[in-house]
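Structure record follows, encoded as structure tokens.
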Amino acid sequence: MKIVATWKKKSLERANFFSASKWHCKQELKLMFKNNLFKAADIISTVEFNHSGELLATGDKGGRVVIFQQEQENKTQAHSRGEYNVYSTFQSHEPEFDYLKSLEIEEKINKIRWLPQKNAAQFLLSTNDKTIKLWKISERDKRPEGYNLKEEDGRYRDPTTVTTLRVPVFRPMDLMVEASPRRIFANAHTYHINSISINSDYETYLSADDLRINLWHLEITDRSFNIVDIKPANMEELTEVITAAEFHPNSCNTFVYSSSKGTIRLCDMRASALCDRHSKLFEEPEDPSNRSFFSEIISSISDVKFSHSGRYMMTRDYLSVKIWDLNMENRPVETYQVHEYLRSKLCSLYENDCIFDKFECCWNGSDSVVMTGSYNNFFRMFDRNTKRDITLEASRENNKPRTVLKPRKVCASGKRKKDEISVDSLDFNKKILHTAWHPKENIIAVATTNNLYIFQDKMN
Amino acid sequence: MGEEEGLRQAQLLDTMFVRGLKRKCFDGEEDIEGTLAGFKAIPSYNLQRQSLLDMSLVKLQLCHMLVEPNLCRSVLIANTVRQIQEEMTQDGTWQMINTQNAGHASLDRLVSTDILCRSSREQTEAKHSPGYSTFPKDFEETQSQDSSEIMSAVSSGQAPRNLQSNMWEMESPQENRGNFQKSLDQIFETLENKSPNSVEDLFSEVDSSYYDLDTMLTGMMSNTKMGHCDVLETFPSQTTTNSNSNCKSDLNELDHIVEILVES
């Protein structure tokens with residue numbers, strides 16, 4: 001009897017998720033640095049909450065990492081938490097020049113991944129195309145005062161003037177957040193790194209580029225193991241590249257990687273040193289009625305994410321989000337259309353290169369809702385239980401705090417209703433590629449080109 | 001203005017594609033109405049398929065010079081090109097549009113010769129192979145070849161077919177077979193960027209050719225976005241693509257082409 005009652009209550013909550021939820025803009029954080037002029041280097045390239053959700057890290061095209069911290073507030077209202085303020089800013093990667101190939105190495109941060117917190121300091125991995133760095137972010141709010149041989153300003157005292165001795169003491173000071181690079185993992189990737197993923201053992205991590213995946217130990221920088229290599233002996237035969245990779249959240253021997261042909265391979269590191277043979281291959285057979293010259297391009301997977309439970313994984317291809325049960329390889333268990341109205345526009349999108357945009361996707365903390373971005377600064381959420389979905393817009397007009405976001409709708413064809421937007425008036429330069437969901441609460445971070453929006457859900 | 005044209009062209013292709021694809025199989029399954037409309041759509045489908053092929057080739061050729069191009073994107077575009085090639089050879093339309101393409105191929109040559117010449121020069125230095133051909137020459141060559149050659153060039157696993165007598169005969173038949181494939185490979189080699197033998201040579205090539213390339217590219221892009229149909233009309237009909245002297249005559253026509261570009 002008790003179990004039934006709980007189930008009912010839960011299903012009621014789920015049913016009301018989109019009707020009762022009121023997403024509103026919590027903050028708009030403009031990441032600009034000089035003279036308030038927007039530069040290409042300010043383009044946000046990655047967004048990631050840490051394991052507690054207290055910290056939010058962003059990386060940008062200029063190689064900078066900006067970390068925001070959530071204010072601690074009195075929990076008088078259950079769903080009203082503090083704002084995110086800038087906690088630390090540092091230059092993670094600098095542009096480099098590869099003299100051998102006569103090519104620049106971009107400093108753009110491709111991915112940031114947080115390590116779980118073990119002590120007072122925070123650690124994260126950040127990577128550009130070639131080099132991964134482990135950063136330590138630590139706070140300093142005390143400093144020693146009362147040295148015998150040094151003045152307060154640092155000048156050295158003449159020892160002969162010292163007549164008494166004292167013990168230096170720690171005195172409080174303004175909080176200073178310092179970021180220092182603790183490890184630099186370099187020279188292991190010929191191609192561009194697209195993913196990093198920390199293993200559940202918290203000792204190792206993987207880095208994946210277009211053709212190879214390497215396994216690292218966090219303490220060891222001069223060595224890495226190559227665990228996947230899909231480079232053909234003859235580059236002429238290259239038809240497929242690795243697009244994303246991730247470790248399983250619970251099994252430290254399991255990881256997956258996705259490809260440009262729409263396949264996902266699950267590998268077990270216990271099987272062999274080089275995991276070239278997958279344990280499982282996830283692939284959905286193509287729908288022949290939708291076949292076109294662009295079929296392969298739009299099937300290319302741009303992101304893969306395990307659910308928190310580890311039972312499912314989500315993949316994002318150009319037009320849809322798919323949820324796979326790890327126990328079933330031949331097709332996904334759920335498919336959500338993100339912007340099906342673009343299917344008839346594929347040639348235009350191919351011409352302006354938009355068809356190659358790599359959208360990311362994310363799970364909410366309870367794995368019940370998934371979110372991904374689209375064009376025109378739209379982002380979409382899909383409730384897995386009710387099968388309902390919502391389209392919201394991250395824009396200046398919604399910026400006023402506590403203004404509830406209005407659901408948006410795109411009119412694919414025919415007569416456009418009021419408040420609908422026609423496909424032809426979508427702005428394809430305004431794309432939301434990076435989104436992140438707080439691990440515990442209904443707070444989301446959505447990155448437009450150079451703005452970061454934080455939305456929160458107030459449930460009545 | 002060129003961008004708008006290009007966008008309209010692509011939008012036109014969008015609608016054409018949606019229609020054209022459903023009529024891909026011209027067999028008895030279609031009803032009469034569909035077949036009639038299908039016949040009407042045949043030339044336009046081929047034209048837009050050709051446009052897609054041209055667009056893809058331009059995309060492959062125009063790589064960023066200072067930053068490594070995106071390998072995933074290049075692979076996807078190359079696969080699309082292969083797919084179109086395969087379909088075109090199956091349809092047997094490869095020969096049909098030969099004359100149409102002759103002019104456009106020269107256009108491609110203009111761009112790619114400069115871009116890939118640099119890399120192919122690197123390749124030549126690295127590999128010391130005198131018979132190594134640049135991409136556009138391959139493109140012209142493959143067009144005059146038998147369609148079966150293309151098939152074998154495109155899918156590496158297939159057994160080689162009989163070669164028709166080739167008026168070009170610039171290289172050995174074995175090399176001809178792999179020409180288009182090689183051109184795609186060249187692009188991948190460029191992407192992989194094997195280190196040249198001499199770093200100084202590399203730098204000197206960057207310095208000089210890039211500067212010329214810039215002006216070429218600017219002229220090229222506006223031409224490409226004019227729409228492929230317009231470009232085709234601009235060129236005088238080629239005398240023949242199957243003559244041995246075509247290579248030399250093309251070189252002579254380069255000046256003519258440059259004049260046209262400068263005018264536009």
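We name chains A, B, ... by the order of the sequence lines, and we start the count at 1 in each one. Atom set for the values below is all heavy atoms of this structure, side chains included, hydrogens, waters and symmetry mates excluded.
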_How about CG on A:Asn290, more than 12 heavy atoms from neighbouring residues, nucleotides or ligands closer than 6.0 Å, or not?_
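For A:Asn290, atom CG is crowded (more than 12 foreign heavy atoms under 6.0 Å).
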Interatomic distance, [X] atom [atom1] to [Y] atom [atom2] [nearest 0.5 angstrom]:
| X | Y | atom1 | atom2 | value |
| --- | --- | --- | --- | --- |
| A:Asn194 | B:Leu71 | CG | CG | 10.5 Å |
| B:Thr80 | A:Phe293 | OG1 | CZ | 9.0 Å |
| B:Asn79 | A:Lys261 | CG | NZ | 5.5 Å |
| A:Cys347 | B:Leu52 | SG | CG | 5.5 Å |
| B:Arg82 | A:Glu296 | CZ | CD | 9.5 Å |
| A:Tyr191 | B:Cys72 | OH | SG | 14.0 Å |

*Taking the six-membered ring of A:Tyr350, is the NZ or CZ of B:Lys59 close enough (under 6.0 Å from the centre) and on axis enough (within 45°)?*
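Cation-pi check for B:Lys59 and A:Tyr350: passes.
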*With sequence neighbours left out, write down each residue that passes salt bridge (Lys or Arg N to Asp or Glu O under 4.0 Å) with A:Glu246, or none if nothing qualifies.*
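Scan of A:Glu246 (salt bridge (Lys or Arg N to Asp or Glu O under 4.0 Å), adjacent residues dropped) gives none.
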Region of [X] in contact with chain B, defined by heavy-atom distances below 4.5 Å:
| X | answer |
| --- | --- |
| A:Ser295 | neither |
| A:Ile355 | neither |
| A:Ser260 | both |

*With sequence neighbours left out, which residue pairs that include part of residues 69-78 of chain B fulfil the salt bridge (charged side-chain N to carboxylate O under 4.0 Å, His left out) condition?*
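Listed by first then second residue: A:Asp353-B:Arg73.
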*With side chains defined as the heavy atoms from C-beta onward, is the minimum distance between A:His192 and B:Asn70 less than 4.5 Å?*
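Of all side-chain heavy-atom pairs linking B:Asn70 with A:His192, none is under 4.5 Å.
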